[in-house]
2 protein chains.
Amino acid sequence: MLIGCGLSAVPVRVNKMLALTKKTDYALIALSYLAKRVEGVMSARELATASRVPLPILTNILKALARAGMVVGERGSAGGYCLAKPAESISLHELITAIEGPVHFVQCVSAGPDAHRNPCELQSCCSIRQPAHRIHDRLKEFLESVTLAELVDDPTVSVGLHLVHREPVPLRQTPVREFVR
Amino acid sequence: MLIGCGLSAVPVRVNKMLALTKKTDYALIALSYLAKRVEGVMSARELATASRVPLPILTNILKALARAGMVVGERGSAGGYCLAKPAESISLHELITAIEGPVHFVQCVSAGPDAHRNPCELQSCCSIRQPAHRIHDRLKEFLESVTLAELVDDPTVSVGLHLVHREPVPLRQTPVREFVR
DNA sequence: GCATATAGCACTAAATCGGTACTATATCAA
DNA sequence: TTGATATAGTACCGATTTAGTGCTATATGC
């Protein structure tokens with residue numbers, strides 16, 4: 001979100017601050033399949049047939065995930081993809097950043113560690129800057145608290161919609177291969 | 001998010017499940033100005049000059065907010081807008097729903113109270129359906145927990161970026177006019 | 001009755017997204 | 001060495017969506 005910081009004379013580059021689109025959706029599905037795979041790699045083709053995500057799109061997404069360091073791709077005839085780290089360490093925030101771009105709630109928050117040195121020009125008339133920063137932090141915290149492990153954690157019981165509310169269930173440690181490389 | 005539910009043969013209508021765009025940004029700014037105005041109404045023109053949001057766009061946004069029941073518009077030469085309810089009761093979730101459309105994390109969650117009667121066709125192969133529902137609920141909860149009051153709550157002290165972390169500060173009750181009508 | 005305000009459309013130009021295609025490179029096996 | 005198969009990277013296009021504009025109707029106050 002720009003929150004009054006994008007109203008200056010100079011045109012702003014960032015229009016979208018947070019989005020969950022089909023792409024992120026596909027990515028989550030692919031990651032969930034990789035998380036369930038306890039050993040070895042899974043090729044994009046395998047993943048596509050298993051998840052029913054169109055192969056060409058899936059390959060693009062996997063490339064992006066690899067670039068972001070969330071999965072590791074191995075080339076060659078026996079190649080494929082596997083998670084680059086345990087599912088507990090892969091957050092929704094990381095995924096959105098990789099697929100959709102960096103998450104902003106306020107634009108002033110965005111660029112690098114010295115962003116506070118270069119706040120928006122409209123600071124004087126942007127009276128909600130500070131609270132917006134706090135909300136941004138809360139949003140980021142939330143997105144970081146949602147992990148892939150949580151998504152793969154399948155109850156397998158209680159198919160009905162009674163609100164079991166199994167919130168405090170400790171996250172199961174998914175068996176993960178060694179991350180050599 | 002569709003989470004595997006949009007891969008059936010029939011084309012899916014919903015591509016975007018959550019977005020924060022410039023429009024929501026503008027809306028938040030406008031709402032914050034209205035929240036600070038303790039009495040009377042504020043015309044779109046006034047709001048535009050104060051917030052420096054382009055007037056034509058602002059009018060569109062205010063109309064949408066009025067339709068959603070978040071602000072009340074009064075016509076006539078002395079007309080204008082005011083909040084339809086206390087700032088504490090206006091959540092980010094409500095705002096996003098009004099401006100961007102309904103928030104989905106899973107599509108199965110969406111349509112009405114009997115949505116559980118009509119789950120996605122791919123349920124059998126959509127193994128992350130249940131966890132996705134839980135995450136959807138958490139996301140909704142979070143967005144509902146962020147209120148306009150929080151955004152207007154101006155520290156006015158400590159302009160620097162030291163992390164005061166005034167999280168547990170009780171929300172100040174903004175003085176609100178009577179909501180006759 | 002006139003000025004001014006919101007309400008509700010319908011419309012356009014530009015940005016974005018979903019999806020495709022092509023080339024380069026790495027690995028394994030015959 | 002060669003061929004098959006896999007990922008890596010990037011450029012591209014069509015369809016959708018978004019930001020922004022314009023017009024008409026209606027309500028209010030002087």
Side-chain angles (χ1 to χ4, degrees), chain A residues 2 6-7 11-27 29-30 34 40-49 53-82 84 96 98-101 181, chain B residues 1-2 6-7 11-27 30 34 40-49 53-82 84 96 98-101 181:
Chain A
L2 299 171
L7 307 175
V12 183
R13 296 162 304 279
V14 185
N15 277 14
K16 177 198 63 178
M17 285 126 292
L18 173 68
L20 299 186
T21 69
K22 234 187 214 177
K23 253 186 198 167
T24 314
D25 196 358
Y26 290 156
I29 296 173
L34 288 179
V41 295
M42 210 170 168
S43 75
R45 189 180 307 270
E46 269 182 284
L47 260 170
T49 55
V53 174
L55 177 60
I57 301 138
L58 188 59
T59 59
N60 272 349
I61 289 170
L62 287 168
K63 286 174 209 169
L65 294 179
R67 237 168 309 179
M70 302 175 68
V71 302
V72 173
E74 284 184 11
R75 299 184 179 189
S77 56
Y81 291 95
C82 64
I96 294 177
I99 300 294
E100 313 276 354
R181 174 171 291 233
Chain B
M1 307 285 299
L2 299 171
L7 307 175
V12 183
R13 297 162 303 281
V14 184
N15 277 15
K16 177 199 63 177
M17 284 127 292
L18 173 68
L20 298 186
T21 70
K22 234 187 215 176
K23 251 187 199 166
T24 314
D25 196 357
Y26 291 155
L34 288 179
V41 296
M42 210 170 168
S43 75
R45 189 179 306 269
E46 270 182 282
L47 260 170
T49 55
V53 174
L55 178 60
I57 300 135
L58 189 60
T59 58
N60 273 350
I61 289 170
L62 286 168
K63 286 174 207 169
L65 294 179
R67 238 168 309 180
M70 302 174 69
V71 301
V72 172
E74 283 183 12
R75 301 185 179 186
S77 57
Y81 291 95
C82 65
I96 294 176
I99 300 294
E100 313 277 353
R181 179 167 287 236

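Only a predicted model underlies this, so the values are computations on that prediction, with no experimental measurement involved. Letters A, B, ... mirror the listed sequences (proteins, then strands); counts begin at 1.
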Using atom [atom1] of [X] as one end and atom [atom2] of [N] as the other, report the distance to the nearest whole Å.
| X | N | atom1 | atom2 | value |
| --- | --- | --- | --- | --- |
| A:K63 | C:dG19 | NZ | C1' | 12 Å |
| B:L20 | D:dT18 | CG | P | 12 Å |
| B:N60 | D:dT18 | CG | P | 14 Å |
| B:L18 | D:dT17 | CG | C1' | 16 Å |
| A:E100 | C:dT16 | CD | P | 13 Å |
| A:I61 | C:dG19 | CD1 | C1' | 10 Å |
| B:M42 | C:dA5 | CE | P | 13 Å |
| B:L62 | C:dA7 | CG | P | 9 Å |

Between [X] and [N], is there a contact of a side-chain N or O with OP1 or OP2 at under 4.0 Å?
| X | N | result |
| --- | --- | --- |
| A:R67 | D:dG9 | yes |
| A:Y26 | C:dG18 | no |
| B:Y81 | C:dA7 | yes |
| B:T21 | D:dA19 | yes |

Shortest non-hydrogen contact from B:L65 toward B:A27: CD1-CB, 4.4 Å
Taking the side chain as everything from C-beta on, heavy atoms only, tell me whether [X] gets closer than 4.5 Å to [Y].
| X | Y | answer |
| --- | --- | --- |
| A:I96 | A:L20 | yes |
| B:L34 | B:V41 | no |
| B:I61 | B:T24 | no |

Option among A:M42, A:E46, A:E74, A:K63 that satisfies the side chain to side chain contact (heavy atoms under 4.5 Å, CB included) test with A:Y81: A:K63
Under 3.5 Å donor-acceptor pair, A:K22 side-chain atoms to C:dG18 base atoms: no
A:A68: partners by side chain to side chain contact (heavy atoms under 4.5 Å, CB included), with sequence neighbours left out: A:M70, A:A98
For B:R45, all residues meeting side chain to side chain contact (heavy atoms under 4.5 Å, CB included), sequence neighbours excluded: B:S43, B:L55
Residue A:S43, side-chain atoms from C-beta onward, closest of D:dT7, C:dG19, D:dG20: D:dT7
Pairs under 3.5 Å (N/O, protein and nucleotides 28-30 of chain D):
unit_1: D:dT28; atom_1: O2; unit_2: B:S77; atom_2: N; d: 3.2
unit_1: D:dG29; atom_1: O4'; unit_2: B:S77; atom_2: OG; d: 3.2

